[in-house]
Each structure stands twice: as structure tokens, then as C-alpha cells.
2 protein chains.
Amino acid sequence: MARRATVYDVAERAGVSIATVSYAFRQPDRVRESTRERILAAAQDLGYVPNANARGLARGKTNALGLYSFDLMLDAPQGLSAGSRAAGAGDDVEVDLRAFPLYVDEIQRGFELECWHRDQTLLLSSGTGPETSRVTDLAGRVDGLAVFPGPLSDESLQFLSRRLPILVFSREPSDVPLFHLGVDNYAGMRSLVDHLVLVHHVRDIMFVGALDVPEYRQRFEGYVSGLAAHGIPAPGRPLDESDLGRADNLASLREAVADGALPRAVMCASDQLALAVLDLLEDKGVRVPQDVLVTGFDGILAGRLSAPTLTTVRQPMEAMGRFAAQVLVDNGGQRWTSPQSRSFPVRLVVRDSCGCGRAGTVGH
Amino acid sequence: MARRATVYDVAERAGVSIATVSYAFRQPDRVRESTRERILAAAQDLGYVPNANARGLARGKTNALGLYSFDLMLDAPQGLSAGSRAAGAGDDVEVDLRAFPLYVDEIQRGFELECWHRDQTLLLSSGTGPETSRVTDLAGRVDGLAVFPGPLSDESLQFLSRRLPILVFSREPSDVPLFHLGVDNYAGMRSLVDHLVLVHHVRDIMFVGALDVPEYRQRFEGYVSGLAAHGIPAPGRPLDESDLGRADNLASLREAVADGALPRAVMCASDQLALAVLDLLEDKGVRVPQDVLVTGFDGILAGRLSAPTLTTVRQPMEAMGRFAAQVLVDNGGQRWTSPQSRSFPVRLVVRDSCGCGRAGTVGH
DNA sequence: TGTTCGAATCTATGCGCTTAGACTCATGCC
DNA sequence: GGCATGAGTCTAAGCGCATAGATTCGAACA
């Protein structure tokens with residue numbers, strides 16, 4: 001079978017130079033109509049599809065954006081359907097209601113929509129650890145890159161930011177010329193605290209979540225200051241510093257249950273953590289919200305499906321994804337010269353797990 | 001700000017030729033260790049990231065796969081959060097339980113996983129109609145392309161198949177050298193019919209779905225032959241030939257309700273259609289499954305969340321997505337010389353809407 | 001000491017396209 | 001008739017990298 005058709009083939013068949021072929025596709029007005037038709041017909045005959053690598057090389061830009069995320073599940077065993085966020089094993093497993101779509105997926109959705117709206121191709125990649133080969137490869141392919149930093153080191157991001165504009169989903173400040181996109185974790189936690197204190201008259205509130213995740217630390221700080229605002233002394237440390245994906249998860253919380261040392265309310269650093277907490281409490285026979293109130297953070301879908309449904313703070317994820325793509329496109333491949341940042345507001349979503357809402361209602 | 005570093009810059013700084021720089025990255029064993037270290041150090045200093053366009057051009061392949069899908073929602077108005085599959089309007093709307101994740105999303109998930117597992121970059125794009133500019137652009141960027149054909153014409157697919165291997169999610173036969181990947185729609189419908197007839201002793205069964213969608217037509221044929229196998233004469237046409245996204249949806253069904261002409265069971269061509277039917281029936285005060293049994297096809301998440309939960313036939317979507325990527329990678333950019341196809345088996349999933357299952361259970 | 005050989009590196013070319021600038025030639029003007 | 005003009009087309013260079021094949025050079029060996 002013949003090799004792929006190129007501009008040269010089309011040019012020869014249409015009896016013009018390759019420049020004219022290129023113009024016929026990129027600047028049609030510059031080419032006489034009859035010539036253009038001849039060229040397009042030749043291209044059609046030959047099955048000619050312009051090679052985007054060559055175009056990108058010649059133009060110095062690709063019209064593509066990248067989204068790099070972090071996927072714990074990729075580490076899983078390697079069978080045909082391994083590594084999935086599915087509930088079970090085998091060749092046909094249903095998706096896990098808990099894990100699809102996640103925080104990341106909703107942002108990705110917004111990013112996708114905006115890419116297509118702006119006529120950008122979207123490149124997706126994902127890694128499992130701090131290694132940089134995948135994200136570097138991606139950086140070599142696109143005009144702008146949005147990154148869920150996960151376990152990537154600051155040095156890695158800094159390195160990449162020398163080549164192209166990088167947007168990071170994180171509000172953590174830094175002096176690296178990245179665009180930091182995040183939400184007001186602080187205000188979000190305060191509104192949750194206000195709700196628990198003012199509506200439910202709860203004052204015995206503990207925090208669950210690891211402080212070495214920057215976002216979680218901000219949420220912890222919001223929790224502390226929220227309590228302070230009501231004159232409540234806050235514990236200096238979380239009740240439990242678990243994070244998802246770690247061994248021995250929620251060990252401290254489990255201990256507290258065993259010791260009968262549970263607070264009246266548990267505020268979790270994320271929805272996923274909160275769902276794990278709900279599971280644990282149910283397992284131990286602790287009733288939510290009767291015995292303990294539980295809150296999350298993020299507003300993922302699974303929080304609407306759990307029993308009880310989860311009171312949380314919702315991030316405008318789709319809007320954030322869209323914004324990310326907009327910023328990168330508008331920047332046209334130019335790196336930022338100084339750190340940028342943008343914080344999105346969050347919204348309190350009151351459901352059953354704090355004692356509001358009508359138990360049994362699925363959704364909303 | 002300086003322009004991007006290239007091999008030339010690295011070579012100069014490390015005191016070697018550009019060939020050696022390239023080898024240091026691509027065939028490290030070929031380069032003396034001390035030289036390699038010097039080169040990598042220079043690259044680090046300069047912020048050098050290899051340009052994938054240049055590499056792809058030089059090598060004649062990109063190590064990337066494309067996935068093209070069809071997205072009705074892209075046509076929606078253009079506000080910041082418009083065009084989303086979200087339930088409502090405004091800057092922060094929650095995802096619609098009905099629309100996320102869809103059939104397409106689950107296949108995409110499998111495709112993603114396999115791409116990353118095989119060290120392929122994934123390019124995603126999506127269009128709204130029969131226009132080919134987007135899918136052609138994608139075809140110019142990748143070594144292999146998986147396509148949800150949607151409104152694309154056969155000619156378009158044929159054209160693209162001259163340039164690179166194309167896999168189509170559809171079992172419709174054709175003489176174009178594409179890889180057709182689908183499921184056994186026929187057997188799936190027959191197992192549903194068998195269930196309705198043998199377990200629920202229902203014989204008055206009608207089909208809802210448009211026949212101009214190839215998959216739906218196959219399902220209709222499975223329905224017809226299933227009835228025949230039980231000695232039941234099948235209606236020559238569906239009760240209603242609606243498809244999602246069309247105006248005046250389910251008009252015939254609505255009419256049947258008004259006329260009191262509903263059959264004992266309604267088999268829908270897809271889950272999404274079945275969910276719409278459930279809505280309509282509930283709206284009209286028709287009880288499912290007491291008055292009418294309803295079934296779907298696909299096995300999307302939303303069918304586990306509806307009330308009643310939806311009896312359906314499930315496609316192994318993640319496995320299909322994985323398989324698609326495998327086939328394309330294994331083919332190494334070579335077009336197929338003749339049409340290929342592969343059909344995946346489906347699995348009957350019995351839930352509440354046919355009268356099985358315990359009402360009120362969410363999930364499974 | 002001369003020869004062979006292989007490791008390490010370099011030279012040179014081409015991948016397919018875009019685009020600045022040169023060229024051609026019909027047209028309209030003085 | 002000479003000349004400027006501009007539409008249409010072409011020539012030629014370059015984008016950043018991979019890699020075949022040439023070259024260099026030290027080690028091994030007779």
C-alpha cells in the first residue's frame with residue numbers, strides 16, 4: 001500500500017507548487033478559485049490529510065492544550081480490565097459510584113468543552129508518581145498545559161514552566177511563574193463551621209485530613225479560624241491525618257470510635273475522605289447525623305448518592321476547567337513572567353449528613 | 001524572554017553534536033556515561049524539553065492515539081458554563097445524574113487507561129455534526145484513531161482510513177477497511193425478550209427506538225426474532241421511533257398512553273431512551289413495573305440510580321475501550337487492508353423496572 | 001608494530017509543512 | 001507606449017529532531 005499522501009503529491013497532481021497547496025488549505029482567499037478546486041479535488045483523490053506534526057513544527061505552535069492528572073489506579077495490576085475505577089474484577093464490571101466522576105473528572109469535562117469551543121485539540125495524560133517522563137512528553141506536544149500537581153515536585157513544574165505556560169490546580173502560592181487556580185478553601189470551611197455552629201448548635205468539632213496536602217492545610221486553617229470566630233478553642237491538630245490511598249487509613253478515627261472519644265461533628269478535608277468516614281462509622285454502628293455530624297469538601301457526585309447524603313462545600317469544577325483552558329488559549333503559548341493566581345468561590349451545600357435535609361432523598 | 005531551548009542549544013552547551021544529544025535521550029546506551037551526564041545537565045540548565053512535533057516528523061509516527069466522539073451539547077449556547085451536561089444554569093451547576101457518565105464516557109475511560117498503559121498520548125476531540133474538519137485534524141496528529149461515528153458519513157470515514165488505522169464503535173458491516181467494534185445487540189435483545197417471556201410471562205411487548213441508527217436497528221431485529229422464537233408475532237414497526245435529541249420526542253408513545261394502548265412491556269433501544277420513557281410514564285401516572293415493564297440497553301450508571309432501577313443489557317464498555325486502544329497500538333500505524341470486526345458479548349442485568357429486584361435498592 | 005574492531009561521536013540529510021519574499025503577467029493609468 | 005499595481009503563484013529556507021553512514025580513536029591482538 002502506498003505511503004501517505006503529502007503536499008508534494010497533491011501539488012504534483014494539481015500541477016501547482018507545494019506553497020499553493022498549503023495556501024489552498026490555510027489561506028483559501030489567496031488562491032484563485034479554480035486552482036483551489038483543482039487542489040482540493042487532488043487532495044480528495046489522494047486521501048490527503050495534512051500532517052499536524054509538520055504544521056506544528058513549521059508554525060512553532062500546535063493549537064493543542066494538555067491536561068495532566070494523577071491517577072492512583074494506573075498502578076493497579078495489568079489485566080484487560082485492571083487499573084479501573086470499577087467495583088469488582090473481571091471482564092465487565094460496573095463503574096464504582098464512589099469514584100466516577102471524581103473531582104478531577106468534572107474539571108476535565110469543563111476543560112474539554114472549552115478546548116473544543118476554542119478549536120484546540122486536547123491531549124490527556126496521567127501519571128502515578130513523582131516521575132516526570134509523561135508530563136514532560138506532554139509538555140513537548142502542546143502550547144499550554146494544565147496540571148493537577150499531585151506528587152509532582154515543585155522543581156518539575158518550575159522546569160516545565162520554562163518551556164510553556166503551565167496552569168496548576170492549586171491555590172498554593174509560589175514564586176514560580178505558574179498560574180495557580182484554586183478555590184477559597186478558607187472561606188468554604190468557615191461557611192461550613194458557621195452552619196454547624198449557628199444552625200446545629202454544635203461546638204465540639206474535629207477535623208479529619210492530612211495537612212501535608214496544601215489544599216487540606218488551607219481547609220484546616222479555615223476550620224481553626226472558623227471555630228475561633230465563635231469563641232471555640234480549636235484543637236491544634238486534626239483528629240486524624242489520613243489521606244486517601246495511604247495504608248492504615250483512618251486509624252486514629254477508628255481509635256476514637258473505640259474509645260468513645262468521638263466529637264459531635266467531624267469535618268473532613270474532602271468528600272472522598274468523608275465518604276470513607278461514613279463507611280467507617282456505619283460499620284461501627286455510629287449513626288450519622290444522629291450521633292455524629294459529618295461534612296465533606298468538593299461537591300462530587302458520590303456525595304449526592306451516599307446514605308446519608310453528604311453536606312459539603314461545592315467547587316465550581318466545570319467553570320474552573322473552562323477557565324483553565326481559556327487562560328491557556330488566551331496566553332497563546334507565552335509563558336507567564338510572574339506567578340499568577342485566581343481563586344474561585346465555593347458554595348455551601350447542605351444535605352443530610354449534618355442533620356439538615358430530608359433523609360432518603362437522592363440527589364440535590 | 002529567550003526562546004525555547006532546542007537540541008542545538010543543548011549540544012552547544014554540552015560541547016557535542018546534536019546527534020549525540022538526540023542519542024542521549026533516545027538511545028542512552030549508545031552514549032558514554034560521562035557524555036550523557038554532561039548533556040542531561042546542560043538540558044536541565046536550559047529547560048530543554050524535546051519538541052514532539054519535530055520528533056514525530058522525523059520518525060514518521062507520533063506515539064499518540066485519538067478518540068473522536070460526538071457531543072450534542074457542544075451546540076449549546078456559549079456562556080462560561082454553557083454546553084454542559086449539567087442540570088441547570090449558572091456558574092456552578094451540579095452534574096446531571098442522567099448524563100454523566102454516559103456510554104461514551106465509560107468507553108473513553110477504558111481507552112485512556114490502555115493508552116497510558118501502553119505509553120501512548122491520548123488526543124481527544126469531538127464534533128457536533130457531519131462536518132469533518134475536527135476529525136480530520138485529529139487524524140493528522142495520531143497513529144491511530146477510534147471514532148464514535150455518530151453523524152459522520154461513511155465517505156468521511158473511508159477517506160480517513162486511507163491515512164491511518166481507524167476503529168469505529170459500531171458493528172455495522174461495511175467494505176471499508178475499518179475496524180468495527182461493537183456488541184452482540186442481537187443476542188442481547190434476545191436475552192431480554194427471553195427474560196420477559198419466560199420469567200414474567202409477558203407476551204405483549206413493544207419496541208421503542210429509531211431504526212435509522214444501525215445499532216438500534218440490530219436491537220430491533222433481535223427483539224423481533226426473540227418474539228418469533230416464542231411464537232409471538234412481532235409488530236413490523238416500533239411503537240415509537242424516537243431518538244434522543246430529536247424534537248417531538250416520544251410523541252407516539254405519549255399518544256399510546258393517552259389512548260390506553262400501552263403494551264404490557266416496552267423495550268427501549270437504549271438506557272437513555274428508557275430513562276426518558278420512565279419519566280414520561282411517571283408523569284402520566286403509569287406505574288412501572290406494575291402497569292408496564294420497561295427495559296433499556298447499554299448499562300449506563302444512571303440506570304442504577306433511577307426509580308425504578310432499570311433492567312437492561314450491559315455492554316463491557318471499559319473492556320471495549322481498552323481493546324480499541326490495544327488494537328490500534330498493535331497495528332503500529334498501519335492501515336488495515338480489509339474490514340475487521342470484533343463483537344463483544346453483553347450481559348443481562350435484571351433490576352426493578354421489569355418486576356424483578358427489590359424496589360428501593362440503589363445500585364447493583 | 002601493524003592491523004582489526006568496536007565504541008563513541010559526528011556529518012549530512014530528510015521528515016512535511018509554512019511563509020517571507022521574489023517573480024509573472026494582465027490590468028489600468030497617465 | 002511606458003509604467004505602476006496587485007492578484008496569483010512560485011522559490012527557497014527553515015522549523016527541531018532522528019538516524020544512516022562516515023569518521024575517529026583507543027584497545028586488543030597477532
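Throughout, a chain's letter reflects where its sequence line sits, starting with A, and its residues are numbered from 1. Only heavy atoms go into these numbers, but all of them, side chains included; no hydrogens, no water, no symmetry mates.
Side-chain contact between A/Val135 and A/Leu160 is present, with heavy atoms from C-beta onward closer than 4.5 Å. Between A/Arg118 and A/Asp330 there is a side-chain heavy-atom pair separated by less than 4.5 Å.
Partners of A/Asp137 according to the salt bridge (charged side-chain N to carboxylate O under 4.0 Å, His left out) rule, which considers only residues two or more places apart in sequence or in another chain, are A/Arg141, B/Arg55.
Aromatic ring orientation, B/Phe344 versus B/Phe323: perpendicular (interplanar angle above 60°, classes split at 30° and 60°).
Where the helix from C/dT1-D/dA30 to C/dC30-D/dG1 starts and where it ends, the local axes point in directions that differ by 50°; five pairs per end, rounded to 10°.
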> In the 5'-to-3' direction, what one-character label does each nucleotide of nucleotides 6-19 of chain D receive under the scheme B = base within less than 4.0 Å of a protein heavy atom, S = sugar-phosphate only, - = no such atom?
Replying inline: --SBBB--BBBBBB
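In this structure, B/Thr136 contributes its side chain and B/Thr132 its backbone to a donor-acceptor pair below 3.5 Å. Between the side chain of A/Arg342 and the backbone N or O of A/Leu181 there is no donor-acceptor pair closer than 3.5 Å.
Electrostatic pairing of B/Asp9 and B/Arg3 counts as a salt bridge here, judged by a charged N lying under 4.0 Å from a carboxylate O.
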